[in-house]
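Below you'll find the structure, written out as structure tokens, and then a few comments.
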Amino acid sequence: MTTPSSDGKVGFLPLVTVVDFHHHRGPEVERWFGAAEGQDPAVDWDWSLLPFMALSDGAHASTEDFSYFTLLRPGTDGSPPTSLFGISCTRQMDASQLLVRPADVTRSTVQKAVVVIADSPQFFGMLRERLSVVTSAWFAQREFGDTEILRRFQESLAEEKERGQLNEEVDRDQYLGMSLRELVREFRWQTLVLLKCCLLQPKMLFFGSRCERLCMMQFSLISLIPGLLRNLQDCAGPDLNSYAETLTRPTSLKTSDRNSLLAYMGLPLQIFGKGSLFGPYTPLQQLDILADFGTKSYVVGSTNSLLLQQRDRYSDILINLDEVTVNITSSSLRTALVLSHADRRWIDFITQEVNDTWDETNPGRPKTMGYRGSEEFIRLQFEEYILSLISSVKYRNFLAQNAHNPKAHLPYIDGDPSLDFGNDWVEYWMKTENYRIWNSNTDSHLFDIVEPKHPCAGGLTVDDVQRRIQQQVQDLHLDERFAVGKEVLGRNLAAGRDKASTMFNKLYVDMETLREAQRKRAEETRTAPNTPTRNGSAGSGADSGKAGQTATTVGQRASSYIGSWTSWADQKRRSGWGRGGGGGGGGGSASPSSSSTGATTTTTGGGGGGWGFGRKLRNTDSASGEKNGAGATPLSSPALSSPGFGGFGFGGNEKIQLGNVPHRASSEGNGNGNGNGGNGGGHAKSLSQESFGQSVLDAAGVSESGSDTTSNPASPQRYQQLRKKSTASNVSSGGGGGIRMVEDDEDDADAGGGGGGGIQMIDEVLDTPAVEGKKETVVEKEGDKEEATEKTGEGEDSAETNAKANTQEKEPPAAAKDAEAAV
């Protein structure tokens, strides 16, 4: 390979300098190592921007940062102008930690950069590690006046240069620290777009917040062009063109020598020549060079976001490393950079290899520790691509020159192979400066050395479509976007599933508990013994059997009627309660006793009976005191649609006082009492609206218990009803111990209870022809203060009467005597 003279490179010794950030004057060069005594290279070679390149924007945000930049060394009598390359390591420390604090240090932080300037970036990977160690050791001294370590570091670099270790041309380049794997993994198929964009020589602007990563990405990209890192002598300024001026066409080829092959093929493709510029880190003070008329193309990087606001002015393509995006502002460039099917197939293959061997702990090396997917693998793949590209373009030119000579065509090549690289791109590239230099210094039959064919030539296949769809799905990052949503959804589903399971389990347990309770209640009802009445009458025994059946029916229907009672009670509450009814039973008797102030009735031996509730129709005349309630209309109650509730009556010697019963007016009423025989000794409950449902349930409880109501009365309760209006009452005896209570508004003649031994209470407001001379009746059952005694045989019963009058007048003794005589 023919290269320009390297005299300038050999004669330049590396320099070391210290750049300090002064709190008043800003960045400035502090001292030099390796320069002649009394000389300042920054002044001699007009490096006024060196302090700003060494201390990058945002370097204060990190403990350690690196910056890469280019410097133009003007020509001298013994050497032409050339490019130099600088690398700086920036660190900072707390000013309070300094052993000797200078007077000009007025802030709490001291920031300095150690810079190495060399003539080639080829060994920057190795140099970066050494510079980091030296800078860290110098800061650890906490005394910046002691620079012995920096002086010795510069001397070691100069000795290596003199021995030729830093300028010898080896068979392969040194790419330490420039990770192609990271470049391919981050940009995937756009990596090929960036490489082809470099060959078109547009204005490329890289942006990133981290200076070192920004610079290394640019070095990695241009290192994909074989041999370019060793030939960057013209990249520091748009006026340099020494490479093209000294380049000659090679005349020999040694196929076993890689460098000889690359030189014969015209590599490297020099993209930094006349009118071009390369600045890995470019400060804002250098923007005037970018906007200069003589600057046609460049590859520069910046950490200042102000350039993003003026990207249309300073770039044709913007690569944002923070967002990993490529924005092409030039429409013609965008059209040329569209990848062909063969290009996309080729770059997808490399991307897949990198992804399959990716190791998070060591990104620069495949996890398989093999060749596929390694740095060398990627570099050789791009080298093969470029060789095939330039060979196909040479064959394209050959076809154009021999269009009318079919014999000149290669028989194993079908058509124009350069079309697989993109016809728009090839036409665009043929207009660039680097194409002109390459085409004029290479043989026209390069396709005889390298086959003019795309590495992945061919049309679109099913595998290409599948690979492209898979890649597009990966580009959406669905897993990352829905990771949080999937976690929250899964957590909510699990919580909902637990709640639903708990609810159904609880419902099942409740249903089983209810079912078990119903089963036990049914068993208790079936096994409850039928206890005969103590009065020995046949009628009472028959009524007891009926009461047991009724109790069983009530127990089975109780759960079904609970809801019906609520609506029924609400309806009756609005219309008012009616009372009426009759009962049946046997073995009872009733005898009235009257006086001028009230009436007292004593009942004995009442058998089982039934409760009936209703309201008699107005103006019902009856001369007889005994009725069975057959002409009454039943209440529309779900519980009373069946035969009445039996097992309730008054037995033994119970003293009942009638009087002062509250009156309830109503315009309509009906009643029906149908009592089934039961044991005597039942209890009475208040006939208020609130207690009616409770009375029915209590009735069911008494019947189900199977106890003898005659000998053991169930919870006797006391009834006392007061009334201020005059009333008349007629109590007649009936059979079966039934109890009937009727309330009339007007002109009620009388009422009677069906069956023997019943108690009938008639409440009338106005004209009562059946009973005369009695103005008010008090009915009172005193369960706690009076004891009822029973006598069997001939029905001899004795009762002790102690009536209490609730009116203002006292009951005369004659009334009590009359009651006893009636018994």
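Everything numeric in this text was worked out from a predicted model, so none of it was measured. Note: hydrogens, waters and symmetry copies are ignored here, and every other heavy atom, side chains too, is used.
- Salt bridge Arg185/Glu182: absent, no basic N to carboxylate O contact under 4.0 Å.
- The distance between the ring centers of Phe69 and Phe52 does not fall below 6.0 angstrom.
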(request) Check step by step if salt bridge (charged side-chain N to carboxylate O under 4.0 Å, His left out) holds for Lys274 and Glu245. (result) CA-CA 10 Å; Lys274 184 70 173 180; Glu245 293 175 353; over 6 Å; no

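- Remark: side-chain polar atoms of Thr303 are paired, donor with acceptor, to backbone N or O of Asp57 under 3.5 angstrom.
- If you check the side chains of Asp356 and Gln352, you find a donor sitting under 3.5 Å from an acceptor.
- Of all non-hydrogen atoms in Pro455 and Glu384, the two that sit nearest each other are CB-OE2, 4.4 Å.
- A donor-acceptor contact closer than 3.5 angstrom is absent between the side chains of Arg311 and Asn320.
- Ser132 and Glu64 form a side-chain donor-acceptor contact under 3.5 Å, judged by distance and modelled atom types alone.
- For Thr442 and Lys394, the side-chain atoms include at least one donor-acceptor pair closer than 3.5 Å.
- Side-chain contact between Leu321 and Phe187 is present, with at least one heavy-atom pair separated by less than 4.5 Å.
- When ring centroids are compared, Trp189 and Trp346 stay outside the 6.0 Å threshold.
- Asp443 has no carboxylate O lying under 4.0 Å from a charged side-chain N of Arg249, or vice versa, which leaves the two without a salt bridge.
- Summarising the geometry of Leu205 relative to Ser315, their closest heavy-atom pair is CB-CB, 3.7 Å, with the distance given to 0.1 Å.
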(message) What verdict does the salt bridge (charged side-chain N to carboxylate O under 4.0 Å, His left out) test give for Glu160 and Arg130, after you've listed the backbone C-alpha separation in whole Å, the side-chain angles of each residue and the deciding distance to 0.1 Å?
(response) CA-CA 13 Å; Glu160 293 175 1; Arg130 298 173 62 182; 3.1 Å; yes

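- Looking only at atom types and distance, the side chain of Asn304 has no donor-acceptor partner in the side chain of Ser302 under 3.5 Å away.
- Aromatic ring centres of Tyr68 and Tyr281: separated by at least 6.0 Å.
- Annotation: side chain of Leu84 is not in contact with side chain of Thr70 (no heavy-atom distance under 4.5 Å).
- A tilted orientation is assigned to the rings of Phe447 and Phe398, their planes being inclined by 30° to 60°.
- Within the structure, ring pair (Phe, Tyr, Trp, His ring centres under 6.0 Å) contacts touching residues 308-344 (residues at least two apart or in different chains) do not occur.
- Between Trp438 and Met265, the closest side-chain pair of non-hydrogen atoms is not below 4.5 Å.
- Looking at Thr329 and Arg334, their side chains never bring a donor and an acceptor atom within 3.5 Å of each other.
- Proximity of Gln201 to Lys296: side-chain heavy atoms (C-beta onward) are nowhere separated by under 4.5 Å.
- More than 12 heavy-atom neighbours from other residues, nucleotides or ligands sit within 6.0 angstrom of CZ on Arg213.
- Scanning both residues, Leu199 and Trp429, for their nearest heavy atoms gives O-CD1, 3.3 Å.
- Side-chain contact between Val393 and Ile390: absent, with no pair of heavy atoms (C-beta onward) separated by less than 4.5 Å.
- In this structure, Met430 and Asn397 have side chains that are in contact, with non-hydrogen atoms separated by less than 4.5 Å.
- Checked by atom type and distance alone, the side chain of Ser340 pairs as donor or acceptor with a backbone atom of Asp420 at under 3.5 Å.
- Ring-plane geometry between Phe421 and His454 is classed as tilted, the angle between the planes lying from 30 to 60 degrees on a 0 to 90 degree scale.
- Using a distance-only test at 3.5 Å, with no hydrogens or angles considered, no donor-acceptor pair links the side chain of Asp65 to the main chain of Thr90.
- Between Arg181 and Ile378 the shortest side-chain heavy-atom distance falls below 4.5 Å.
- Enclosure of atom CZ in Arg128 by more than 12 non-hydrogen atoms of other residues, nucleotides or ligands within 6.0 angstrom is indicated.
- Phe219 is not listed as a side-chain neighbour of Met217, based on a closest heavy-atom distance of 4.5 Å or more.
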